[in-house]
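Have a look at this one.
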Amino acid sequence: MSMATAEEDLSADERAGLALVRESGGIHQSDFWKELDVNSRKGSRIVESLLEKGFVEREDTVYNGHNTYYITLPARDRDFSLLLAGDMLSPFIGDDITPRSDSFSRWIMNLAYEEYNDI
Amino acid sequence: MAFEELLEDPVVQTYLHELVGPRGMPVAAAPPDGEVTDEELAEDLDLELNDVRRALFILYENDLASYRRLRDEDSGWLTYLWTFEYGKVPEQLEGEMHKLVDALEARREYERDNEFYLCEGEGVRYEFAEAMDFGFECPDGSPMEPMDNGHLVEAIDRRLAELRNELNVEIEA
């Protein structure tokens, strides 16, 4: 899991690219280079480098009728604490329950009265 | 030990605990580098072999461990060599976040579409139709009180917004 390259070691272009992916949550490669205000070749070089270093992931997609890539952050960068209500984990994990199950009611109560007690 | 960085995340720890339970947790929390047998794990961790096997099997069922079998040529015994596959944990948790979004959306609709009545004494909530069947009277004879669930809906909305933002998913029409 350890990252081969630290974020501080990225070039200025790579850092700008990574910031753009983070900000957007996910972006098509054809928009990526336009937003960064570089040409498409340079844009794809930046993406390739970020991919190789493990900072982003990408998949094939069709966008505005063209084949391009969709660039996203790797799953490990997600904020998994959103699965918690207080210290209770989402009850859907490991159990076959429905949105009306009692265990989910308790989770939502925890959310409303413990975690968001400012509402 | 492998996957140290990942295992520092308290959510990952809670997740593993949820899957394997307290007795399996020593196995799940300390994945060794490379392959290992159940007997080695039981000895290293000073655990019952059955607890180790149970934990490994749960991890296997959840795609978090794999094994290959070796047959000892002399005795004919099979040895299971286990590998921990925790590289899949982030994708699985991300999948759980998507599942939670769907569940919260469904639950929000249910909360919005129904009126609820509460029996404070027993701490039980009834849907309107159920409450009517009971004549709006609790088992202890006291009247049921209408319950305002706006607070719950607000909490659901807030978490949905956070999850959608994090997962970059659109609001369903």
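Chain letters run A, B, ... following the sequence lines, proteins first, then strands; residues in each count from 1.
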Glu109(B) CD: over 12 foreign heavy atoms closer than 6.0 Å:
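No, CD of Glu109(B) has 12 or fewer neighbouring heavy atoms, counting only those of other groups under 6.0 Å.
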For this session: Would you check if the distance from the ring center of Tyr116(A) to the ring center of His151(B) is below 6.0 Å?
Result: no
Pair count under 4.5 Å, heavy atoms only, with chain A: among Asp9(B), Leu104(B), Val89(B), highest is Leu104(B)
Note: Ala155(B) and Leu111(A) closest approach over all heavy atoms is O-CD2, 3.7 Å
Out of curiosity, Tyr110(B) OH to Thr98(A) OG1, how far, rounded to the nearest 0.5 Å?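 Result: 9.5 Å between the selected atoms.
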Contact check, side chains of Pro90(B) and Phe80(A), non-hydrogen atoms, under 4.5 Å: yes
Under a 4.5 Å side-chain heavy-atom rule over Ile, Leu, Val, Met, Phe, Trp and Tyr, are Val11(B) and Phe3(B) clustered together?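 Result: yes, single cluster for both.
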Exercise. Would you say Glu122(B) has more than 12 foreign heavy atoms packed within less than 6.0 Å of its CD?
Worked result: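 Enclosed: over 12 neighbouring heavy atoms sit under 6.0 Å from CD of Glu122(B).
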Output for pair (Leu16(B) CG, Ile93(A) CD1), nearest 0.5 Å, gives 10.0 Å
Legend entry - For chain A, the option from Glu4(B), Glu61(B), Glu18(B), Met97(B) that forms the most heavy-atom pairs under 4.5 Å: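 Heavy-atom pair counts peak at Met97(B).
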inquiry  = Nearest 0.5 angstrom please: Thr14(B) OG1 to Leu83(A) CG, how far?
reply    =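 Between Thr14(B) OG1 and Leu83(A) CG, I get 10.0 Å after rounding to 0.5 Å.
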Between Asn168(B) and Gly26(A), the two heavy atoms sitting closest are ND2-N, 3.7 Å
Please determine whether the number of non-hydrogen atoms from other residues, nucleotides or ligands lying under 6.0 Å from atom CE of Met147(B) exceeds 12.
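For Met147(B), atom CE is crowded (more than 12 foreign heavy atoms under 6.0 Å).
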| field | Residue Tyr60(B) excluded, over 12 heavy atoms near OH under 6.0 Å | value | no
Assigning hydrophobic clusters by single linkage (Ile, Leu, Val, Met, Phe, Trp, Tyr; side-chain heavy-atom cutoff under 4.5 Å), is Val47(A) placed with Tyr69(A)?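 No: no chain of side-chain contacts under 4.5 Å links Val47(A) to Tyr69(A).
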d(Ser81(A) OG, Leu93(B) CG) to nearest 0.5 Å is 11.0 Å
Query - Full working for salt bridge (Lys or Arg N to Asp or Glu O under 4.0 Å) between Arg76(A) and Glu91(B) - result: CA-CA 7 Å; Arg76(A) 65 161 186 279; Glu91(B) 277 78 24; over 6 Å; no
Ignoring hydrogens, what is the shortest heavy-atom contact between Phe104(A) and Arg107(B)? Give both atom names and the distance.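 Residues Phe104(A) and Arg107(B), closest heavy atoms: CE2-CB, 3.8 Å.
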Between the CG atom in Leu89(A) and the CD atom in Gln13(B), the distance rounded to the nearest 0.5 Å is 12.0 Å
Give a yes or no on whether Leu81(B) and Phe84(B) share a hydrophobic cluster (residues Ile, Leu, Val, Met, Phe, Trp, Tyr; joining criterion: side-chain heavy atoms under 4.5 Å apart). no
Next on the checklist: Take a 6.0 Å sphere around CG of Asp133(B) and say whether it holds more than 12 heavy atoms from other residues, nucleotides or ligands.
Outcome noted: yes
Got a sec: does the CG of Asp46(B) have more than 12 other heavy atoms crowding it under 6.0 Å? no
Check: With distance as the sole test, does Arg159(B) use its side chain to make a donor-acceptor pair with the main-chain N or O of Leu82(A) at under 3.5 Å?
Finding: yes
Would Leu49(B) end up clustered with Met25(B) when hydrophobic side chains under 4.5 Å apart are linked, directly or stepwise?
no
**Report entry** Flag if over 12 foreign heavy atoms under 6.0 Å of CD, Glu162(B)
**Finding:** yes
_Backbone of Asp79(A) reached by a side-chain donor or acceptor of Glu166(B) within 3.5 Å_ = yes
Exercise for review: Taking atom types as modelled, find out whether Arg125(B) and Ser105(A) have a side-chain donor-acceptor pair closer than 3.5 angstrom.
Suggested key: no
- Task: Heavy atoms only, distances under 4.5 angstrom: which of Asn165(B), Leu19(B), Leu152(B) has the most pairs with chain A? Name it, please.
- Result: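 Sorted descending by pairs with chain A, the first entry is Leu152(B).
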